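In what follows, chains are A, B, ... by sequence order, proteins preceding strands, each numbered from 1. Remember, predicted model here, so these are calculated numbers, not experimental data.
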Number of protein chains: 2
Amino acid sequence: MKVQDLRFAVLATDVVLFSLHDDRLWVRLITTQNTHFQGMQALPGGLIGPTETADEAAKRHIEAKTSIASAKVHFEQLYTFSTIDRDPRGRVVAVAYLGFVPWERLSEVERGSTSDARWSPLKDARGLAYDHDEIVKVALARLRSRVTYTTLLQKLLPKEFTLTELEHAYEAVLGADLDKRNFRKKILKLDILKEVPNKKSGGAFRPAQLYRFATDKVIEIEVI
Amino acid sequence: MKVQDLRFAVLATDVVLFSLHDDRLWVRLITTQNTHFQGMQALPGGLIGPTETADEAAKRHIEAKTSIASAKVHFEQLYTFSTIDRDPRGRVVAVAYLGFVPWERLSEVERGSTSDARWSPLKDARGLAYDHDEIVKVALARLRSRVTYTTLLQKLLPKEFTLTELEHAYEAVLGADLDKRNFRKKILKLDILKEVPNKKSGGAFRPAQLYRFATDKVIEIEVI
DNA sequence: TTTCATTAGTGTATATTGTACACAACATAT
DNA sequence: ATATGTTGTGTACAATATACACTAATGAAA
């Protein structure tokens with residue numbers, strides 16, 4: 001299909017799929033087939049079909065392009081990019097999405113690389129095709145902002161986690177160090193976590209109490 | 001033009017244009033020409049052309065449909081609505097925008113009504129055509145949220161204003177009463193306002209000091 | 001079985017910020 | 001000069017934020 005043929009814009013979606021692992025943020029990148037950006041890395045995405053919503057298209061393309069089950073991913077609409085010449089093939093307007101998936105929920109295959117798709121540390125995700133550098137920049141800004149006043153971070157963490165893991169997650173996303181004792185006082189006082197009976201023993205040291213979020217819903221609450 | 005003819009979606013924009021007046025929020029509404037919603041009220045908007053961005057289309061339609069100079073309006077992208085059957089004429093995806101204009105900047109004509117457009121108190125803006133009730137709902141939620149952690153409210157106020165006017169603006173948007181002395185202490189400590197030399201005398205009582213925002217830019221800062 | 005290494009878990013003192021609350025100052029109109 | 005109505009201000013108390021260091025628990029190794 002040639003996008004120039006269309007009367008108005010072609011609608012597409014691009015997804016900035018985040019995961020958290022090894023105290024760093026990672027993004028899922030693909031190798032673009034577009035001849036204008038031969039072999040370059042890009043965000044997964046594709047056209048929005050005539051009978052699907054933007055959300056549905058985002059989910060569909062994540063499955064098709066990155067081999068990651070969309071049911072494991074939490075999606076949020078990010079921004080719609082409509083610069084005229086953002087795609088050299090013609091007018092393409094992209095409804096960009098944020099996606100969040102806990103590394104622990106990924107299978108071995110989903111964690112790995114194929115010739116087409118791979119996880120990349122966010123810091124190395126530069127020089128992307130199209131305007132995808134810009135989209136990633138907006139995505140990170142949104143993530144950082146939302147993490148401070150919502151419980152969005154739960155979508156990057158496994159069901160059960162220790163307070164140290166939670167603290168490290170905030171530190172990785174915000175790029176800042178937090179005080180251990182003050183962090184614990186604050187996060188526990190918010191009453192958004194529940195202690196679970198289990199403990200996590202990771203080696204030759206005191207095992208840590210496990211917690212989970214009281215609700216699956218991302219709620220608005222001043223966190224950090 | 002028949003939108004059904006298009007291969008994929010037709011792209012449109014809808015604008016929730018807010019103003020603040022008489023201690024209430026107002027929205028600019030038009031009378032829709034769509035036969036499916038004969039004579040109903042709707043948000044101003046229209047198609048995004050092949051050679052304009054969504055932002056440009058939003059500005060263009062505000063001028064064309066509501067007779068308000070778009071240069072006076074501060075625009076922010078709100079959300080992209082892509083439900084399949086949101087428009088009975090066919091598949092139309094709408095990039096919705098927030099617009100903010102200070103009532104004081106409006107001319108007599110812009111404040112008034114025509115057969116096609118009018119200002120409506122936000123509370124009365126219900127029963128709109130299409131999914132516009134939903135869009136207005138999302139718009140108000142976004143406005144309320146952003147007002148607490150940004151200086152967005154400056155875009156609904158005249159250049160110079162008294163602290164009482166600023167307080168009333170917050171009260172109108174948030175739908176809550178604020179303590180006069182605590183509000184003043186807090187807002188002045190943020191260092192986002194500048195005293196101007198003038199005072200505003202409104203009658204047989206002590207005139208009020210005028211202030212303006214230190215910068216035109218909307219910045220992120222915990223306000224209320 | 002003792003010691004070592006490593007992470008988990010906790011408290012307190014001080015500074016800062018939030019909250020509740022009432023009256024004098026100022027300009028104008030009469 | 002006095003009545004009117006809005007502006008502008010301070011203080012005491014409560015709550016929250018910040019800075020900071022040691023003990024507890026486990027498993028591994030000696």
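Side-chain rings of A:Tyr211 and A:Phe161 stay apart, their centers remaining 6.0 Å or farther from each other.
Pairs passing the salt bridge (Lys or Arg N to Asp or Glu O under 4.0 Å) check and including a residue from residues 168-195 of chain A, sequence neighbours excluded, do not occur. For residues 146-164 of chain B, the set of pairs meeting the salt bridge (Lys or Arg N to Asp or Glu O under 4.0 Å) definition, not counting sequence neighbours, comprises B:Glu76-B:Arg146. Within the structure, every pair that satisfies the salt bridge (Lys or Arg N to Asp or Glu O under 4.0 Å) test and touches residues 197-224 of chain B, not counting sequence neighbours, is listed here: B:Glu165-B:Lys200. For residues 52-63 of chain A, the salt bridge (Lys or Arg N to Asp or Glu O under 4.0 Å) pairs, not counting sequence neighbours, are A:Glu52-A:Arg60.
Here B:His132 pairs with B:Tyr130 under the ring-ring contact (aromatic ring centres under 6.0 Å, His included) rule; sequence neighbours left out.
Whole-Å rounding puts the A:Leu178 CG to D:dC20 P distance at 15 Å. What separates CD1 of A:Ile187 from P of D:dT16 is a distance of 15 Å, to the nearest Å. For the pair A:Lys200 NZ and D:dT26 P, the computed distance is 17 Å after rounding to whole Å. Rounded to whole Å, the distance from NZ on A:Lys186 to C1' on C:dG11 is 18 Å. Separating the CG atom of B:Leu190 from the P atom of C:dT17 is a distance of 11 Å, rounded to the nearest angstrom. Atoms CD1 (A:Ile224) and P (D:dA17) sit 10 Å apart, rounded to a whole Å.
Projected onto DNA chain D by closest heavy-atom contact, A:Lys189 and A:Gly203 fall at different nucleotides, the more 5' of which corresponds to A:Lys189.
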Generate the contact string for nucleotides 4-10 of chain D. Rules: B means base contact, S means sugar-phosphate contact only, - means no protein heavy atom under 4.0 Å. BBBBBBB
